[in-house]
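Have a look at the structure below before the remarks.
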Amino acid sequence: VMLCGILGWSADGLAQTRLVVKSARAGTSYYALAIGTSKALMTVQGVEASVEESLGSVANVKEARTRSNYLFTSTSDLIAQAMKKTKPFDEGGYERIRTLWAFPGVVMHWVVRQDSGVTVIRELQGKRFIAGGIGTATERLTKLVLNVYGLEGKVDLPAVDLKEGVDAVANRRAVGFSTGSPFPTPMVMELVATTPVRLLEIGDAEYKKLSEVDPTYSPTVIPADTYKGVSTDVRTVASPVLMYTTEDMPDELAYKLTKAFWENRKLIADAHATGKGLDIAGVRYGVAKVHPGAQRYYKEKGVEIPASMR
C-alpha cells in the first residue's frame, strides 16, 4: 500500500502533508526512535507522520527510488553503495536521496548463548548463527566480519528474520545472532532476562582489516554491565546511521522538519534512551547531499556541511 506522497485535508480545511517514517522492525531501538521522530515532526502544523515497520536498511534505501514524502533511516555505508550502483543497488536511481539529520549509530552486537561454548568469533565455525536478519545492514556487516576472520562459507547462516533468530537462540536452535543497534537494545535486554549470554569481541587486527575493506566503520566499546551477565567491556564496531529523504521534498518542508526534529529532541529521548546521544554535527557522515531545506537550518545553527554534501 502506498501511504506516501498524499496531500489530505484536515477537518478545519487546512492542507495536510502525510509523511511516512521508515526505520526498522518493531521491538528495536530504531523503531522506538522512529516513533519519537514522528511525534517531533507532527509539531509542524499540517504534518501527519506515520511509522511503517521495515525489513531493514536495504529495503528502506530501495524504496527511496519511487516513494515521495518518505523519510527513512540507513547506515551510511549502504548509501555509499547505492550512489556507486554496487550490488544490491545496481539498478541505479538513487541520486535522488538527500540527507536530513544524524541518528544514533549502529553498534554491532555479537550475542551467543553462554552454554554454547563459543567464546570468540572464530569458534562460530560450523555453528548455526543468525546474521542480523535478511536485508539488514547488519547482515552485510556480519558477513564482512566473518570474511575478515577467514570464515566465509564456514558458518551456517540461515536466511531468517531477526525476530525468528532471537527465538531460535532462546530455544537452542542457533548458538547466537548479530544485531546492529544502539545499546542497550531491547531485543538483547529481553533475551538476557531468561538466557545467560556472552558478547563476542572484534579484535584489533580484524578491525584493521575490516576498515581496509570498508572505512565507514569505527571502533567502539559496549561498556561492562550494559547487559545482565556481561561484566567486562566488549570491543566492537559502529556505523553512522542517518535519516534521509528524497530531492522532491519541498525545501520549506525539509527546513521545518529538520528544525522540528532538533528542537524536540526530548520527544526522541523519551521514546528511547539512546535518543539522548543525538549529535547535530553527525550530519557530515551522511554521504548523500544534504537537502537544501535542511542545509538552511544547519547554516542558521553554524553546523559545518562538507563541500561534497552541499
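The first residue in the sequence is number 1, and the count goes up from there. Only heavy atoms go into these numbers, but all of them, side chains included; no hydrogens, no water, no symmetry mates.
Remark: side-chain polar atoms of T236 are paired, donor with acceptor, to backbone N or O of M108 under 3.5 angstrom. Side-chain atoms of R65 never come within 3.5 Å of backbone atoms of K62 as a donor-acceptor pair (strictly under, hydrogens ignored). Side-chain atoms of T258 come within 3.5 Å of backbone atoms of A254 as a donor-acceptor pair (strictly under, hydrogens ignored). When atom types are taken as modelled, the side chain of R198 and the backbone of V111 share no donor-acceptor pair closer than 3.5 angstrom. Remark: side-chain polar atoms of R25 are not paired, donor with acceptor, to backbone N or O of E53 under 3.5 angstrom.
Salt-bridge annotation for R113 and D115: present, with a side-chain N of the basic residue lying under 4.0 Å from a carboxylate O of the acidic one. The existence of a salt bridge linking K289 and E95 is excluded, since no basic side-chain nitrogen approaches an acidic carboxylate oxygen closer than 4.0 Å. Salt-bridge annotation for K299 and E304: absent, with no side-chain N of the basic residue lying under 4.0 Å from a carboxylate O of the acidic one. A salt bridge is defined here as a Lys NZ or Arg NE, NH1 or NH2 lying under 4.0 Å from an Asp or Glu carboxylate O, and D270 with K266 meets this definition. Ion pairing between E252 and R296 holds under the 4.0 Å rule for side-chain N and carboxylate O. Salt bridge status for D214 with K209: absent, with no side-chain N to carboxylate O gap under 4.0 Å. Comment: K85 does not engage E91 in a salt bridge, judged by the lack of any side-chain N to carboxylate O separation of less than 4.0 angstrom.
For residues 209-236, the pairs satisfying ring-ring contact (aromatic ring centres under 6.0 Å, His included) are H109-Y227, with sequence neighbours left out.
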Side-chain atoms of residues 32-42: list all donor-acceptor pairs with protein atoms under 3.5 Å, sequence neighbours left out, distances to 0.1 Å.
from, atom 1, to, atom 2, distance (Å)
T37, OG1, L33, O, 2.8
S38, OG, I35, O, 2.8

Return a table of donor-acceptor pairs under 3.5 angstrom between the side chains of residues 173-188 and protein atoms on other chains or two or more places apart.
from, atom 1, to, atom 2, distance (Å)
S178, OG, G132, N, 3.1
S178, OG, T142, OG1, 2.7
S181, OG, S29, OG, 2.8
S181, OG, T185, OG1, 3.2

Check your understanding: Is there a salt bridge (charged side-chain N to carboxylate O under 4.0 Å, His left out) between D156 and K127 once you walk through the steps?
Key -> CA-CA 6 Å; D156 177 12; K127 302 283 195 301; over 6 Å; no
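The distance from atom CG of L162 to atom CD1 of I130, rounded to the nearest 0.5 Å, is 8.5 Å. To the nearest 0.5 Å, atoms NZ (K84) and CG (D90) are separated by 14.5 Å. To the nearest 0.5 Å, the span separating CG on L100 from CG on L242 amounts to 9.5 Å. For the atom pair I305 CD1 and T99 OG1, the distance stands at 8.5 Å (nearest 0.5 Å). Rounding to the nearest 0.5 Å gives a distance of 10.5 Å between OH of Y94 and CE of M83.
Residues L151 and V120 fall into different hydrophobic clusters, defined by Ile, Leu, Val, Met, Phe, Trp and Tyr side chains chained together at heavy-atom separations under 4.5 Å.
Just one of E247, H291, Q295 meets the side chain to side chain donor-acceptor pair (under 3.5 Å) condition when paired with R98; it is E247.
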